[in-house]
Amino acid sequence: MRISGNQLEALYRRLYAAYGPQYWWPADSPFEMMVGAILTQNTAWTNVEQALQNLKQSKALHVHAIIELADEKLAALIRPSGYFNIKTKRLKNYARWFVDAGCFRTLKCLDDEVLRRHLLSVNGIGPETADTILLYAFERPLFVIDIYARRLFKKLTLISGDEPYATLRLAFASVLADDVPMLQEYHALIVRHGKEKCSGDATCKHCAVEALISV
DNA sequence: ACCCAGGGTCATA
DNA sequence: TATGACCATGGG
């Protein structure tokens, strides 16, 4: 694994030039963002949109509604997002933790690493979900390593792709600027790029981004 | 019909 | 520490 700040900045500029700003995370509130982060685990976002829409229509997209709603009712609402029984438990675990921890008013005052540990203590919140919540709901500076990031950096031969999450996280953290808007945009662009298909002609954005990076 | 998607937990060795 | 099974819908 050999990652340099210059390479990461060059890649960011190339992604931004190709796709422009993505305006992530798509959510009307921080709490909706956190719910979406759990629902999208190993699931296509289009499925999550359906589930979020169901929750909105039932006025259930609120901490207390999640806590009070019967498991069967909640599971039925989030059904389109898949793994609905597991995700029902995870949403409830998270909502209870969030209230017990004092909601945003208290949580936003915690140090980055303390808050991260706290998030990871919730059953159902792993490193990726915790980091997306930290970056987009709590606006903490960090680089999210998801499946798209692994694929892209592997393709660019900057990583092997099977490094543990902690290894990649520390490697990126040591090299990237603590620029929250940039880091939010960076992750969004990587996902956007991952979904983009090759157009087949010379104007292909996908191929332009993946061309060799000269530092 | 098959494959995978904006992961994480738990049991096993 | 490191694999493997499991969870489940919807779109290509």
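Here is the naming used below: chain letters follow the sequence lines, and residue numbers restart at 1 for every chain.
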Hey, does A/Lys56 have a side-chain heavy atom less than 4.5 Å from the side chain of A/Asp28?
-> yes

Measure from NZ on A/Lys195 to P on B/dC4 and round the result to the nearest Å.
-> 17 Å

When the ring centroid of A/Tyr186 is compared with that of A/Phe172, is the distance short of 6.0 Å?
-> no

Near DNA chain B, under 4.0 Å by heavy atom, which residues of residues 114-138 of chain A?
-> A/Val122, A/Asn123, A/Gly124, A/Ile125, A/Gly126, A/Pro127, A/Glu128, A/Thr129

Is the closest side-chain donor-acceptor distance between A/Asn6 and A/Ser4 under 3.5 Å?
-> no

Taking the P atom of each, how far is B/dG8 from C/dG10, in whole Å?
-> 23 Å

Nearest-angstrom distance, P atom, C/dA5 to B/dC3 | 16 Å

Salt bridge check: are A/Arg116 and A/Asp131 linked by an N-O gap of less than 4.0 Å?
-> yes

Using atom types as modelled and distance alone, determine if a side-chain donor or acceptor of A/Thr43 lies under 3.5 Å from a backbone N or O of A/Gln41.
-> yes

Start with the C-alpha distance between A/Lys154 and A/Asp162, add both sets of side-chain angles, then the distance that settles side-chain contact (heavy atoms from CB on, under 4.5 Å), and finish with yes or no.
-> CA-CA 9 Å; A/Lys154 178 177 182 178; A/Asp162 53 3; over 6 Å; no

B/S/- along nucleotides 6-12 of chain C (protein heavy atoms under 4.0 Å) is -BBBS--

Locate the shortest heavy-atom distance separating A/Met34 from A/Phe138; write the atom from each residue and the value.
-> SD-CE1, 4.4 Å

Distance in angstrom units between A/Trp45 CH2 and B/dG7 P, rounded = 11 Å

Please determine if A/Glu196 and A/Lys205 form a salt bridge, counting it only when a charged side-chain N lies under 4.0 Å from a carboxylate O.
-> no

Between atom CD in A/Gln50 and atom C1' in B/dA5, what is the gap in whole Å?
-> 16 Å

Where the side chain of A/Gln184 meets the backbone of A/Trp24, is there a donor-acceptor pair that is under 3.5 Å apart?
-> no

Would you please say whether a donor-acceptor pair under 3.5 Å links the side chains of A/Lys73 and A/Ser58?
-> no

Whenever both distances are under 3.5 Å in a Watson-Crick or G-U wobble pair, mark it; put DNA chain B into dot-bracket that way, with [ ] for crossing pairs and | when the partner is on another strand.
-> .||||.|||||||

Would you check if the side chain of A/Asp178 reaches a backbone N or O of A/Pro141 as a donor-acceptor pair within less than 3.5 Å?
-> no

Between OH of A/Tyr165 and P of C/dA2 the distance, given in whole Å, is 18 Å

For C/dG4 versus B/dC4, give the span between their P atoms, rounded off to a whole number of Å.
-> 16 Å

Rounded to whole angstroms, how far apart are CD1 on A/Ile38 and C1' on B/dT9?
-> 14 Å

